[in-house]
Asker: 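Below is the structure I would like to discuss, written out as structure tokens.
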Amino acid sequence: MPPHHGPHDGPDEFTPWPEALARTYREAGYWQGEPFGAWLSGLARRYADRPALLTPDGPVTYRELDRRATVQAAALAARGLRPGDRVTLHLPNTPAFFELLLGLLRLGVRPILALPAHREHELGYFCAHAGAAALVTAADPERLALAARVQAGLDRPLPVIALGENPGTWEGEAVSFLPSAATAPTPDFTPPRMNAGGVALYQLSGGSTGTPKLIGRTHDDYLYSIRASADLCELGADTVYLAALPLAHNFPLTSPGTLGALHAGGRVMVAPDAAPGTAFPLIAAHGVTHTALVPALLQVWLRALEGSPHTPFPSLRCVQVGGAPLSPDVARQVRPRLGAALQQVFGMAEGLVNYVRPGAPDEEALGTQGRPISPHDEVRIVDDHDQPVPDGTSGHLLTRGPYTIRGYFRAPDHNARAFTPDGFYRTGDLVTRTPGGALVVTGRHKDQINRAGEKIAAEEIEHALLRCPLVQAAAVVGTPDPWLGERSVAFVQVAFVEATPGAPDLALTLKRHLRDLGLAAFKIPDRIEPLPALPRTPLGKTDKPALRALAAQPVAPSTPPT
Ligand code: OOB
């Protein structure tokens with residue numbers, strides 16, 4: 001019988017794998033029919049009184065983490081959340097993230113994993129698009145003010161559930177404060193029965209379209225990627241994993257990330273941010289063995305260690321780097337400066353994750369982005385007509401497999417373009433395959449900017465710019481940057497430019513416009529340049545290659561429009 005996905009899942013909401021493949025994945029032992037709640041109970045039995053989380057208030061054992069998840073599941077149920085509901089989860093990097101995430105998963109409520117940098121533009125969209133039953137956030141004044149703005153922007157009531165004490169600054173409507181589970185008594189709560197083939201949570205697509213896409217990951221597929229990643233990365237009970245990147249992102253969450261470290265019986269330490277001044281003392285104090293960084297942060301770490309005579313962290317074994325292209329020059333510095341092995345990771349929230357295998361020769365470790373997790377990950381490298389290219393030639397990466405989605409949530413038109421008829425996901429990445437079978441990312445075909453690992457869909461920013469009455473046309477492109485990988489440049493054709501002395505500069509006006517719309521700060525273009533008209537292709541589309549060339553010039557011409 002095909003798996004049941006949940007009370008709200010129509011065909012636009014979840015695209016199942018074909019039954020024959022689903023059977024293969026079950027028979028191979030990838031999909032174990034175990035939902036997250038049962039997985040967590042299993043960890044609590046297996047690792048019992050061992051520390052799971054290292055927190056400023058002391059260690060939290062596996063048994064205690066399991067208990068706290070139950071406390072929160074019961075508390076969330078008492079606030080009216082029901083299995084199958086969707087909520088937007090917007091939390092900072094704190095250990096309490098795990099009691100809430102695991103509490104929601106145990107209750108069968110599906111969190112949309114928003115990033116800390118998201119603001120009312122993104123959070124409002126997720127809540128509206130997904131018909132969220134609540135916005136779950138932290139009870140700090142800044143997040144509460146943001147939650148009130150999200151509520152105000154929606155045309156239906158949105159309950160807010162805020163973790164922590166009421167700071168007395170609430171300005172919105174229905175809010176309920178959720179005490180920390182640490183001191184709460186264990187409730188009498190029986191978790192609902194759940195189908196592991198159903199959606200557990202929603203990851204977010206980096207995307208290339210006007211609106212972000214939601215990625216429904218099932219208990220079965222997500223747990224498979226976590227277990228397989230933890231095994232492949234050789235995590236064990238002696239692993240101490242430092243989460244320095246935003247906890248909700250797929251890389252630090254599951255590749256193998258915090259959940260992989262927990263699966264292996266290791267310890268997880270959460271850094272509030274990834275600055276050397278924050279992360280370095282934690283690595284030293286807690287004997288961190290593994291961490292994950294994007295290339296831009298790796299460069300910040302390496303710079304902070306410049307001139308240091310010896311490697312500073314005897315415990316550190318492996319630094320994973322992924323999310324954006326890593327230059328071989330920077331890659332080469334990891335071992336001598338950090339005293340740890342470099343592991344490149346090339347993954348995506350939609351599924352497929354590639355790892356350089358531990359112990360791989362330097363040539364592969366420094367110069368490739370690894371190989372897929374699973375023998376059942378199917379990878380096709382094709383030309384513009386979907387025809388396979390010979391090995392060693394760059395082409396579009398298409399993929400399907402036991403943990404790669406078959407369709408985004410409520411996006412039928414986009415799905416028709418983003419997936420082939422036989423279910424391969426068009427990643428938008430250009431890659432080659434080495435004779436040894438490893439993938440090398442050579443470029444990108446999607447209209448996206450990868451700014452320090454944070455993905456910006458050009459179209460989303462273009463739409464936002466067009467909402468300013470001054471703007472007649474807008475195009476956003478990336479331009480290479482030695483530190484961030486890429487910076488974003490917006491070219492705009494404007495109705496007029498105020499040349500009055502003292503009048504606000506156009507770039508400042510437009511940046512303020514974007515901020516006022518509530519866009520995440522990383523999406524605000526680094527540069528905004530007026531052009532008399534945007535260059536067009538013969539077909540009348542914006543000529544982005546021409547704009548990229550323009551953006552890469554040392555000083556882009558800023559001729560006033562006519
Ligand atoms: C990870 O996930 P997303 O969804 O934020 O971004 C995916 C995209 C990829 O399609 C690719 O364009 C880029 O990010 N990317 C890389 C890369 N890793 C990701 N580009 C070059 N080299 C790499 N190593 O970024 C993500 C998810 C799980 C694990 C690691 C990264």
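Both counts, for ligands and for their atoms, begin at 1 and track the order of listing. Quick note: residue numbers are just sequence positions, from 1. All values below were derived from every heavy atom in this structure, side-chain atoms included, with hydrogens, water molecules and symmetry-related copies excluded.
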Asker: Can you find a side-chain donor-acceptor pair between Y222 and N250 that sits under 3.5 Å?
Answerer: yes

Asker: What are the atoms of ligand 1, with element, lying closer than 4.0 Å to any heavy atom of Q369?
Answerer: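 The atoms of ligand 1 under 4.0 Å from a heavy atom of Q369 are 22 (N), 24 (N).
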
Asker: May I ask you to check if R380 and F424 form a cation-pi contact, with NZ or CZ under 6.0 angstrom from the six-membered ring centre and within 45° of the axis?
Answerer: yes

Asker: E454: heavy atom below 4.0 Å from ligand 1, yes or no?
Answerer: no

Asker: Anything under 30° is parallel, anything over 60° is perpendicular, the rest tilted; go ahead and classify H118 against F522.
Answerer: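 Rings of H118 and F522: tilted, 30 to 60°.
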
Asker: Find all atoms of ligand 1 within a distance of less than 4.0 Å from any non-hydrogen atom belonging to S255, and give their numbers and elements.
Answerer: 28 (C), 29 (C)

Asker: Identify which of Q320, H445, K455 has a heavy atom lying nearest to atom 25 (O) of ligand 1.
Answerer: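 Selected option, by shortest heavy-atom distance: K455.
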
Asker: Do D384 and H396 have side-chain atoms, one donor and one acceptor, less than 3.5 Å apart?
Answerer: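 Yes, because at least one side-chain N or O of D384 sits under 3.5 Å from a partner of the opposite role on H396.
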
Asker: Say whether Q448, considering both its backbone and side-chain N or O atoms, lies within less than 3.5 Å of an N or O atom on ligand 1.
Answerer: no

Asker: Provide, to 0.1 Å, the distance between atom 13 (C) of ligand 1 and the closest protein heavy atom, together with that atom's residue and name.
Answerer: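 Among all protein heavy atoms, the one nearest atom 13 (C) of ligand 1 is G323 O, 3.7 Å.
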
Asker: Consider every N or O of H249 and every N or O of ligand 1, then say whether any pair is closer than 3.5 Å.
Answerer: yes

Asker: Run down the list A349, G206, G347 and name the one with the heavy atom closest to atom 7 (C) of ligand 1.
Answerer: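 Checking each option, the heavy atom nearest atom 7 (C) of ligand 1 is found in G347.
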
Asker: Output the list of atoms in ligand 1 that are nearer than 4.0 Å to some heavy atom of V345, sorted by atom number.
Answerer: 18 (N), 23 (C), 24 (N), 29 (C), 30 (C)

Asker: Are the side chains of F346 and D429 in touch, meaning some heavy atoms are under 4.5 Å apart?
Answerer: yes

Asker: Using heavy-atom distances, let me know which of G322, S225, A324 sits nearest atom 16 (C) of ligand 1.
Answerer: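 Answer by nearest heavy atom: A324.
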
